[in-house]
Amino acid sequence: MFINITDSKEAANKSSSSGLVHYLEKENRIYNKDEPEYWFNGGQVRIDPYVAMRTIDNNIAKLGKDDAKFFLLNISPSQKEIAFLKEQYGEDGAKAQMKGFAVRVMDAYAQNFKRDGINSHEDLIWFGKLENYRYYTHNDPEVKKGIKKRGDYKEGEQMHVQVIVSRKDATNKIKLSPMNTSRGKNEDHSKKMGQFDRVAFKQCGETLFDELFEFDRQLKDTMAYANAQKNGSLAERVQIEARNQKEEVVRSGTGLSQDQPDMELATGIYSDPAAIDQSFDGFISPVHIDIKDDVDDEAIHGRNRHRKRQARTNTR
């Protein structure tokens, strides 16, 4: 499970959300002209795009011209996770469950701020959009090698959810920025500002998915494993790989010798991080919703960036 928050610079979020909403309607324009994929949130499942745009754009009290007005969240299950959902719930059921899962992710998003009065998705202004495809961009190796063209859709299971969430809470009074990582010595001040732990938030998606759907995740498919391989020391990588090999032996049923000690993970590496404190009882059964990597910002905003670079060149 991959969860990413597109930063303010890339999301072009200092003005209207109309451009982003229009972009996220691309699959409706191409594939779903007769029966569109509606926007949704925790209360409704058939929201028209203009309603999402207008609501986000009207929730900006006391935000300056250069302030971020909204943020873009990308909730992307792995191909294994998508295949698991489809096996359990079928094609339409998997889509419904992904939308329900997005609601729980937004609960976690709210709780991560640790702000009084911000406890669940109901305290936020947000709208989600399920997408079924991803597209190659100019940064993909296949495009650089000429194997694929920019804009071609990627193979395999690509279902994911994009969420636009307002910078202001549902009361239009409290500013909430996931880019704020304030951890100053003044704890009260940091709490007031609503510091946001993006690493913990990304991790929560994996934990939520496993608990809600009883998904048996292998260590090699965890964020902890990927983080150790990418950022860990040699000792950390060796230890977590040893743990992974031991797990694979157990899964294969070959067993281990009784005198073989358990391998502890290196300091700072955890294979089963604690979940955000909330109850998920009854989520799987009651949720019956009838209803790309991150947005290709280059496709939306690349032209504007080119013009800016050209303008700077012309002034030299």
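Only this structure's heavy atoms are used, side chains among them; waters, hydrogens and symmetry mates stay out.
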request  = Using the six-membered ring wherever Trp is involved, compare the ring planes of Phe40 and Trp126 and label them parallel, tilted or perpendicular (cut-offs 30° and 60°).
outcome  =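 Phe40 and Trp126: perpendicular rings.
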Indicate yes or no: at least one non-hydrogen side-chain atom of [X] is less than 4.5 angstrom from one of [Y].
| X | Y | answer |
| --- | --- | --- |
| Pro178 | Phe113 | yes |
| Asp57 | Arg54 | no |
| Met1 | Ile75 | yes |

Any sub-3.5 Å donor-acceptor pair from [X]'s side-chain atoms to [Y]'s backbone N or O?
| X | Y | result |
| --- | --- | --- |
| Asp123 | Asn119 | yes |
| Asp197 | Ala200 | yes |
| Asn13 | Phe70 | yes |

query = Who passes ring pair (Phe, Tyr, Trp, His ring centres under 6.0 Å) against Phe209, sequence neighbours left out?
reply = Phe101, Phe213, Phe215
remark   = In short, salt bridge (charged side-chain N to carboxylate O under 4.0 Å, His left out) pairs touching residues 65-76 with sequence neighbours left out are none
ask   = Closest heavy-atom contact between Met159 and Lys95?
value =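 Closest approach of Met159 to Lys95, heavy atoms only: SD-CG, 3.7 Å.
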query = How long is the span from the CD1 atom in Ile5 to the CZ atom in Phe71, to the nearest 0.5 Å?
reply = 8.5 Å
message = As a quick check of understanding, evaluate salt bridge (Lys or Arg N to Asp or Glu O under 4.0 Å) for Glu35 and Arg46, giving each step before the final call.
response = CA-CA 11 Å; Glu35 180 59 31; Arg46 293 176 68 89; 3.8 Å; yes
ask   = Do Thr137 and Asn139 have side-chain atoms, one donor and one acceptor, less than 3.5 Å apart?
value = no
message = Go through it in stages, so that I can follow the logic: the residues are Arg104 and Glu211, the test is salt bridge (Lys or Arg N to Asp or Glu O under 4.0 Å), and I'd like the CA-CA distance, side-chain angles, deciding distance and then a yes or no.
response = CA-CA 12 Å; Arg104 300 307 175 211; Glu211 292 188 355; over 6 Å; no
message = For Tyr23, does the six-membered ring have the charged nitrogen or CZ of Lys26 within the cation-pi criterion, i.e. under 6.0 angstrom from the centroid and within 45° of the normal?
response =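 Yes; both conditions hold, so Lys26 lies above the ring face of Tyr23.
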Residue among Gln97, Glu81, Glu91 satisfying side-chain hydrogen bond (donor to acceptor under 3.5 Å, both in side chains) with Lys86 = Glu91
query = Of Gln162, Gln44, Glu25, which meets side-chain hydrogen bond (donor to acceptor under 3.5 Å, both in side chains) against Trp39?
reply =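 The passing option is Glu25.
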Distance flag, aromatic centroids of Tyr153 and Tyr136, threshold under 6.0 Å = no
inquiry  = For residues Tyr50 and Ile60: do they belong to one hydrophobic cluster (side chain heavy atoms under 4.5 Å, members Ile, Leu, Val, Met, Phe, Trp, Tyr)?
reply    =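 Different clusters.
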message = By the definition salt bridge (charged side-chain N to carboxylate O under 4.0 Å, His left out), identify the one residue from Lys148, Lys154, Arg150 that meets it with Asp140.
response = Lys154
